[in-house]
Amino acid sequence: MSDRTVPAASDPAAGAAPGHGPSIPYRFEPDATAAALAAEHGHLEPGTETDQVVTVAGRLMLRRIQGKLGFGTLQDGTGRIQLFAPSATTPDFEGFGALSLGDWIGVRGIVMTTRRGELSVRADEWVLLAEARRQFPDKWHGLTDTETRYRQRYVDLWVTEDSRRTFVLRSRVVSLTRQFLEARGFLEVETPVLHPIPGGALAEPFSTHHNALDQELFLRIAPELYLKRLVVGGFERVFEIGRVFRNEGMSTRHNPEFTMLELYQAYADYHDIMALVEELVAHLATEVCGSTTVAYGDRELDLSAPWRRATMDELITEHTGLEVSVDTPIDELRHECDRLEIPWEDGDGTGKLLLELYEKTVESVLWDPVFVIDYPVEVSPLSRVHRERPGYTERFEAIVAGRELGNAFSELTDPDDQRSRMEAQARAKDAGDSEAMVVDEDYLRALEYGLPPTGGLGIGIDRLVMLLANVHSIRDVVLFPTLRPEQD
RNA sequence: GCGCCUCUAGCUCAAUGGCAGAGCGUCGGACUCUUAAUCCGCAGGUUCUGGGUUCGAAUCCCAGGGGGCGUACCA
């Protein structure tokens, strides 16, 4: 940290006294933004002085002092606007010239253009709002060090325009999703984050401890089981957008905490949910990207509805030539896995082996959106059995750009079937599968009161934002991604 | 977890076993229409940490730490 002289405040309207900390006003009231000024006055001829007085605030990002005439570039939440500061009219001109890049200032003055035509606010009054005691990054190169960008997002957002743009986009996606669902009669709810029994997904949870109850609790891996309890409770269309936590590896696509959209619609099946998903995603793309055709990496992605629907089995056939199903003899499936160098375990049934074959040979090469439908019962403990295909469930995953965007099914409503599936999961857990589920007696009790036919969906919001923002690391769509603690 | 890459001034980067440097920024000075303003000057370093090799290490070796990418697991 370098020594800095602190400019004196000059704005009498703010009631500020000169000096150090105490001179910083307690409030400030801007009445214009950079973007609004550009929109309203972008057409002004060079050398114009309007009689309109505005107040702007933001950080000083560039500064050009030329003797008795100063120029500054102020950046606010909407963009940049030039400040024009002649010594003749600028209070405490010396102090203005001594401002550092990164200082927050408030400026009041007329809207004008310079002789070169640059739209500016003349600094007829100004006040320091916060001192940047730490130096801002290079004004031209910005921040390239990803670690600093993630750890000091408060700096990154100022100097990396794409970063700010991405997080604004993320906010819009979440907001538009809420509007979309509310317009269709969905009720937004909040269910517990602390779960006595982790459930609703196959994943390893974080555990914690409640002192007063002297009880182990788990950070939720999915809100699913609580949301379906609410459908039992008569909320026929519910959704939740919330953080879930999975104690697994980290990568460009995995953060230990991430945001999930889950929704449940009574009387609907997975076909209805597919229609909802393709409509939602196309709507979001149109709103935030201006088109259902979006750039992702060096390719284009066509998100327009309808999306292709294909069963997992037919996709395996398409990509490997293998004619397989859950009825294929297990030795044959094991042999094919061996041939394709896909590891398997003794406990894996034909359903699990099919899933492995699909994931290793098909998923990553799918590009435009595909609803991969009909997953084996064995790997889908919360999905209802298929109405026509024994051994399968009415489940789909939406795959976009080779990655799972969402997972959905006709929900399993039968309490007896659900019990036996949970017991099978519990046996797997006892056998050492740390991601398997355990039996949730209260959830089974809820099902015994009656869950109507229901379609359910989970979408990873982070990954959806990655697609729409055209970024390739989840850390670029999470404001404060999980990192190891900094060393001193 | 494992593999590969990486870490030098506030930021962006040089220095390829031989005096740790530049640009921007900071600080001081000049300059009344600049646009990454320009010009002059000063300051700024545990080269991630700890060992080792060497006459000599930012550089080579070993161990540790942070980060990135890939992979495994998954959304």
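Everything numeric here is computed off the predicted structure, so don't read it as measured data. Throughout, protein chains are lettered first and strands after them, A, B, ... in sequence-line order, and every chain is numbered starting at 1.
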Out of A36(B), C31(B), G68(B), whichever nucleotide has its closest atom nearest the side chain of Thr146(A): G68(B)

Atom C1', compared across A58(B) and G21(B): separation rounded to whole Å: 12 Å

Nearest-angstrom distance, P atom, G1(B) to U54(B): 35 Å

Donor-acceptor pair present, Asp138(A) side chain and G23(B) base, under 3.5 Å: yes

Rounded P spacing from U16(B) to A37(B) in Å: 32 Å

Sugar-phosphate only, base, or nothing, as touched by Gly70(A) at under 4.0 Å among non-hydrogen atoms: nothing

Base partner of A63(B), which must satisfy Watson-Crick or wobble distances under 3.5 Å: U49(B)

Aromatic Trp126(A) / basic Arg108(A) pairing, under 6.0 angstrom, 45° off normal: no

Of the listed nucleotides U26(B), C24(B), A72(B), the one nearest the side chain of Gln135(A): U26(B)

Under-4.0 Å side-chain N/O to phosphate OP1/OP2 contact, Thr148(A) with U12(B): no

Sugar-phosphate, base or nothing in reach of Asn255(A), heavy atoms under 4.0 Å: base

d(CG, Leu101(A); C1', U12(B)) in whole Å: 15 Å

Separation of the P atoms in U12(B) and G52(B), to the nearest angstrom: 33 Å

Touch class at under 4.0 angstrom, heavy-atom based, for Thr252(A) against every strand present: sugar-phosphate

Watson-Crick/G-U partner (both atom distances under 3.5 Å) of C4(B): G68(B)

Between G3(B) and A20(B) - P atom distance, rounded Å: 36 Å

Among Arg133(A), Glu131(A), Met61(A), Arg59(A), side chain to side chain contact (heavy atoms under 4.5 Å, CB included) partner for Asp103(A): Glu131(A)

Met61(A) CE - G25(B) P separation (whole Å): 13 Å

Ring center gap for His319(A) and Tyr358(A) short of 6.0 angstrom: no

Identity of whatever pairs with C55(B) - Watson-Crick or G-U, under 3.5 angstrom: G18(B)

Side-chain N,O (Ser100(A)) to OP1/OP2 (C27(B)) below 4.0 Å: yes

Side-chain ion pair, Arg220(A) and Glu240(A), N-O less than 4.0 Å: yes

Touch class at under 4.0 angstrom, heavy-atom based, for Arg403(A) against every strand present: nothing

side-chain N/O Thr144(A) vs U12(B) OP1/OP2, d < 4.0 Å: yes

Touch class at under 4.0 angstrom, heavy-atom based, for Asp145(A) against every strand present: sugar-phosphate

Proximity to the side chain of Leu143(A) - top-ranked nucleotide from C31(B), A37(B), C11(B): C11(B)

Gap between atoms NE2 and P, on His141(A) and A14(B) respectively (whole Å): 11 Å

Arg151(A), nearest nucleotide to its side chain (from G66(B), U35(B), A37(B)): G66(B)

Watson-Crick or G-U wobble mate for A30(B), both contacts under 3.5 Å: U38(B)

Nearest-Å distance once atom C1' is located in both A9(B) and C5(B): 24 Å

For atom CE of Met250(A) and atom P of A72(B), their distance in whole Å: 18 Å

Rounded P spacing from G45(B) to G10(B) in Å: 8 Å

Tyr375(A) side chain vs Phe409(A) backbone, donor-acceptor pair below 3.5 Å: no

Side-chain N,O (Arg122(A)) to OP1/OP2 (C33(B)) below 4.0 Å: no

Any donor-acceptor N/O pair under 3.5 Å between G67(B) base and Glu147(A) side chain: no

Sugar-phosphate only, base, or nothing, as touched by Gly67(A) at under 4.0 Å among non-hydrogen atoms: base

Sugar-phosphate only, base, or nothing, as touched by Glu404(A) at under 4.0 Å among non-hydrogen atoms: sugar-phosphate

5'-most by nearest nucleotide on RNA chain B - Lys360(A) or Leu483(A): Leu483(A)

Glu204(A) to Ser434(A) - nearest heavy-atom pair and separation: OE1-OG, 2.8 Å

N/O (side chain, Lys139(A)) to phosphate O (OP1/OP2, C24(B)) under 4.0 Å: no

Any side-chain heavy-atom pair of Ile399(A) and Leu405(A) under 4.5 Å: no

Distance between C1' atoms of U26(B) and C2(B) (Å, rounded): 44 Å

Contact under 4.0 Å: Arg484(A) side-chain N or O vs G66(B) OP1/OP2: yes

Sugar-phosphate only, base, or nothing, as touched by Glu204(A) at under 4.0 Å among non-hydrogen atoms: nothing

Atom pair distance, as rounded to whole Å: CD in Glu118(A) and P in U35(B): 11 Å

Closest to the Tyr150(A) side chain, choosing from G68(B), G23(B), U35(B): G68(B)

Sugar-phosphate, base or nothing in reach of Thr114(A), heavy atoms under 4.0 Å: base

Gap between atoms CZ and C1', on Arg149(A) and G66(B) respectively (whole Å): 17 Å

Lys/Arg N to Asp/Glu carboxylate O, Arg122(A) vs Glu49(A), below 4.0 Å: yes

Residue whose nearest RNA chain B nucleotide is more 5′ - Leu69(A) or Leu405(A): Leu69(A)

Nucleotide nearest Ser251(A) when distance is taken to its side chain, options U35(B), U71(B), A37(B): U71(B)

Distance-only donor-acceptor check, side chains Asn407(A) and Arg395(A), under 3.5 Å: yes

C69(B) OP1/OP2 closer than 4.0 Å to side-chain N/O of Arg475(A): yes

OP1 or OP2 of C33(B) under 4.0 Å from side-chain N/O of Arg64(A): no

Non-hydrogen side-chain atoms of Asp440(A) and Val438(A) separated by less than 4.5 Å: no

Arg80(A) CZ to U35(B) P, straight-line distance once rounded to whole Å: 15 Å

Separation of A37(B) P from Leu83(A) CG (nearest whole Å): 13 Å

